There are 2 protein chains.
Amino acid sequence: MDGRAKSAAAVTLAEVAAAAGVGESTVSRVLRNHGSFSAKTRDRVMDAVNRLGYVPNMIAGTLASAGSRLVGVIVPSFSNIVFADVLRGASQALDDSGHQSVIGVSDYDPAREEELIASMLSWRPAAILLAGLEHTERARAMLKGGGARVAEMLDIDGNGLDLVVGFATAETGRASARHLLARGYRRIGYVGHDLSRDTRAAKRLAGFEDALAQSGLCLIDREIAPVPSSVEVGRDGLERLLARRPDLDAVYFSNDDMAVGGYFLCLSRGIAIPGRLALFGYNGLDVARLTPQPIATIRTPRVLIGETAARLALTGAPAQTVDVGFELIEGATA
Amino acid sequence: MDGRAKSAAAVTLAEVAAAAGVGESTVSRVLRNHGSFSAKTRDRVMDAVNRLGYVPNMIAGTLASAGSRLVGVIVPSFSNIVFADVLRGASQALDDSGHQSVIGVSDYDPAREEELIASMLSWRPAAILLAGLEHTERARAMLKGGGARVAEMLDIDGNGLDLVVGFATAETGRASARHLLARGYRRIGYVGHDLSRDTRAAKRLAGFEDALAQSGLCLIDREIAPVPSSVEVGRDGLERLLARRPDLDAVYFSNDDMAVGGYFLCLSRGIAIPGRLALFGYNGLDVARLTPQPIATIRTPRVLIGETAARLALTGAPAQTVDVGFELIEGATA
DNA sequence: ACATTCATTGGCAGCGCTGCCAATCAATTT
DNA sequence: AAATTGATTGGCAGCGCTGCCAATGAATGT
């Protein structure tokens, strides 16, 4: 009719009330199925709602009732399936309880995370879910005083603000190292990505080196690319590392994407796995489980973490730390 | 002090105004940097803001100004990097223009998508971004009258509601078929996933078969699993297909995840690629580009699609369809 | 027949902020 | 010196809905 995107002003609850011949509060009660009303009234209201195509205005409703059903979720990246999994778990729990998620991507940047927290808080969300325990000072202050529940996900190595749902990150690194050591590998290298931003990857590496040190060993060499992780970075990283240290017998990767890249390099080069070189990843991704030789890795319950964090945050659970654990997958590459 | 998550009632603009000794509208003007005010006033206001830790309430602001900076984004799934890419593009453009994205996952279910549209519309978003052109009748009606810009992404084969940003889906299937035919493959099979839900995969297959038909050929056999796509489903699907038709010389997969699964099967079985069997995927994923032999596939500009859709929707561009095209990657598996 | 209970219902004051308009005051203009 | 201009500023009416409370009328009890 009009050609414009904005149609005439939206139908309001008052108009529905007038059309149905009842009071505003009655319409409100019927729509929220809260309080009492007769069946006849309900039918009259619903009829008017459908006839007018009424869509409730949550903005107004939230303002009036001082309590939003929005939940802010901040993830470091979308490129990594890990966060997609966490989001999936959280989304599920959120949807089930009638909440909506407002999502932000921090790009592994604490300053950006801080900005996102500020702008999310201005929507007065019921809760904010974040990755990790590392935040700027101001971010922590805002979260503490923001009136929203806070859930920090994935890592439990440190002090949380409110709810913490994850697993011992450094311990995954230690477990990985112990596994390689138990299998007899001694000349171990590391191929990783930007550690200054990905603090959890840094914690894993620290745990890994810690366990090596307990056996009187250390990493023979490391190849760290100052970019986000990817299959390609893993492949190229391993290539450079091997060029420097052809005597390596095992490599620990910063995650499975990287490890798959390394695995592909070995396939191309005909490097025997694990005979000539052992590979160890992190995450327990699908693709790493289905390579001709499943990659040795640590599986983390990511969907569960998202789901648990969302559920606890929305059910008024007391502040607590939940350790969901992790699982070492032996695979066939180590 | 209190132990409860909800702290004392949040600071309001009125309190800031009182603390700064100015009027409410002045605070509002300073905070939004809109209208005029003296430098001295600005300092007084900002000082009070910082002192009280004031966080603006967008809910109230949006209600008062009748125009939200929220944008709804509905994706079919989080498990598929494709949508993560689209989201990344959209998120970026949204952030840059000061908008927030509210995200929902439809799980490839039109009814669920309809629900999500209804609940997003109740937040009076500035725009709604969706995947594909297929929606329920009621969903289309709500979107038309919802007062929000609508951008349908990824596919342009059909009629859009407002903005459409994507590429010719069926044509990707045709291009894939023509490529295989040009290379001399004639005994072609298909390995796919749940087509009833993933309508774009169905359109690709239709285009593929269409091109085969034009050469007087047809698919020799097909193996379709009624579940979402994954590396595993691709591997197992190819295994079953080959068991039935060991005479196949090429396989078209519903996407790259599936194709990578098929590729892994061939590696494990020692099936020569492309000598004995050619593989063709769809999406142009990173992992498919980095396998020892890069997988033949179609690369789609997903991040660009998300970014373009968001930008057009927020800049008041007229209703239009934007074809961003796609690119056939020859790879080494066909 | 009159008091008491209870399910329904409507009225209306905000929720915290923005938009509009009028008021104020110093700087210019005639 | 009176008038005009323009930059600042405060007041206040909503935005659309919910929460509270009073009003209504029917049902029940004594």
Side-chain angles (χ1 to χ4, degrees), chain A residues 6 8-45 48-49 52-70 98 119 121-126 146-147, chain B residues 6 8-46 48-49 52-70 119 121-126 146-147:
Chain A
K6 293 273 174 196
V11 180
T12 67
L13 184 146
E15 297 176 61
V16 174
V22 301
E24 295 183 29
S25 15
T26 301
V27 176
S28 176
R29 276 188 294 260
V30 171
L31 256 24
R32 286 175 301 150
N33 192 30
H34 175 279
S36 64
F37 44 81
S38 68
K40 196 173 66 179
T41 301
R42 185 197 54 222
D43 294 343
R44 280 241 299 284
V45 170
V49 164
L52 301 180
Y54 172 67
V55 177
N57 185 333
M58 285 289 206
I59 303 276
T62 300
L63 179 61
S65 64
S68 102
R69 301 193 76 71
L70 283 177
S119 77
L121 244 22
S122 72
W123 287 99
R124 298 290 186 274
Chain B
K6 294 271 175 195
V11 180
T12 67
L13 185 145
E15 298 176 61
V16 174
V22 300
E24 295 182 29
S25 16
T26 302
V27 176
S28 174
R29 275 188 296 259
V30 170
L31 256 24
R32 285 175 301 149
N33 192 30
H34 175 279
S36 64
F37 45 82
S38 67
K40 197 174 65 178
T41 301
R42 185 197 53 222
D43 294 342
R44 280 242 298 283
V45 170
M46 292 315 289
V49 164
L52 301 180
Y54 172 68
V55 177
N57 184 331
M58 284 290 206
I59 302 276
T62 301
L63 179 61
S65 66
S68 103
R69 301 192 76 71
L70 283 177
S119 76
L121 245 22
S122 72
W123 287 99
R124 298 291 186 272

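These numbers were taken from a predicted model, which means no experiment stands behind them. Residue numbering restarts at 1 for every chain, and letters A, B, ... go by the order of the sequence lines.
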For nucleotides 21-26 of chain C, tabulate all protein N/O to nucleotide N/O atom pairs closer than 3.5 Å, reporting atom names and distance.
none

Would you mind telling me which of [options] lies closest to the side-chain atoms of [X]?
X	options	result
A/L13	C/dT18, D/dT18, C/dC17	D/dT18
A/E24	D/dG11, D/dC17, D/dT9	D/dC17
B/T26	C/dC15, D/dT9, C/dG10	D/dT9
A/S65	D/dG10, D/dG16, D/dT18	D/dT18
B/S36	D/dG16, D/dG14, D/dA7	D/dA7
A/S25	C/dC17, C/dG10, D/dC15	C/dG10

Nearest-Å distance for atom pair [atom1]/[atom2], residues [X] and [N]:
X	N	atom1	atom2	value
A/R42	C/dT9	CZ	P	11 Å
B/N57	D/dC15	CG	P	18 Å
A/K40	D/dA26	NZ	P	11 Å
A/R32	C/dT9	CZ	C1'	14 Å
A/F37	D/dT24	CZ	C1'	19 Å

How close do B/S68 and B/P125 get, counting heavy atoms only, and between which atoms?
OG-CA, 3.6 Å

State, to 0.1 Å, how close A/V11 and B/R124 come at their nearest heavy-atom pair, and which atoms those are.
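Smallest interatomic distance, heavy atoms only, reads O-NH2, 4.3 Å.
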
Identify which one of B/V16, B/V27, B/L31 satisfies the side-chain contact (heavy atoms from CB on, under 4.5 Å) criterion when paired with B/M46.
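That would be B/L31; it is the only one of B/V16, B/V27, B/L31 passing the side-chain contact (heavy atoms from CB on, under 4.5 Å) with B/M46.
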
Verify the contact: side-chain N or O of B/S28 to OP1 or OP2 of C/dC17, cut-off strictly under 4.0 Å; return yes or no.
no

Has B/S38 got a side-chain N or O lying under 4.0 Å from the OP1 or OP2 atom of D/dT9?
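B/S38 to D/dT9 OP1/OP2: side-chain N or O found under 4.0 Å.
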
For residues 33-42 of chain A, which side-chain donor-acceptor pairs fall under 3.5 Å, sequence neighbours excluded?
residue, atom, partner, partner atom, Å
A/S38, OG, A/T41, N, 3.1
A/S38, OG, A/T41, OG1, 2.7

Distance (rounded to the nearest 0.5 Å) between B/L63 CG and A/T62 OG1:
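B/L63 atom CG to A/T62 atom OG1 measures 10.0 Å (nearest 0.5 Å).
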
To the nearest 0.5 Å, how far apart are CE in B/M58 and CG in A/L70?
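With rounding to 0.5 Å, CE (B/M58) is 12.0 Å from CG (A/L70).
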
Given axes from five pairs at either end, by how many degrees does the helix from C/dA1-D/dT30 to C/dT30-D/dA1 bend, rounded to 10°?
40°

Pick base, sugar-phosphate or nothing for A/T41, based on heavy-atom distances below 4.0 Å to the nucleic acid.
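The answer is sugar-phosphate, as A/T41 gets under 4.0 Å only of primed atoms, P, OP1 or OP2.
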
Please identify each residue that fulfils side chain to side chain contact (heavy atoms under 4.5 Å, CB included) with [X], with sequence neighbours left out.
X	answer
A/S65	none
A/T12	A/A14, A/E15
B/A64	none

Position toward the 5' end of DNA chain D (nearest nucleotide), B/G23 or A/Y54:
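It is B/G23, whose closest nucleotide lies nearer the 5' terminus.
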
Nearest-nucleotide comparison on DNA chain D, the residue closer to the 5′ end among B/V22 and A/L63:
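By nearest-heavy-atom nucleotide position, the 5'-most residue is B/V22.
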
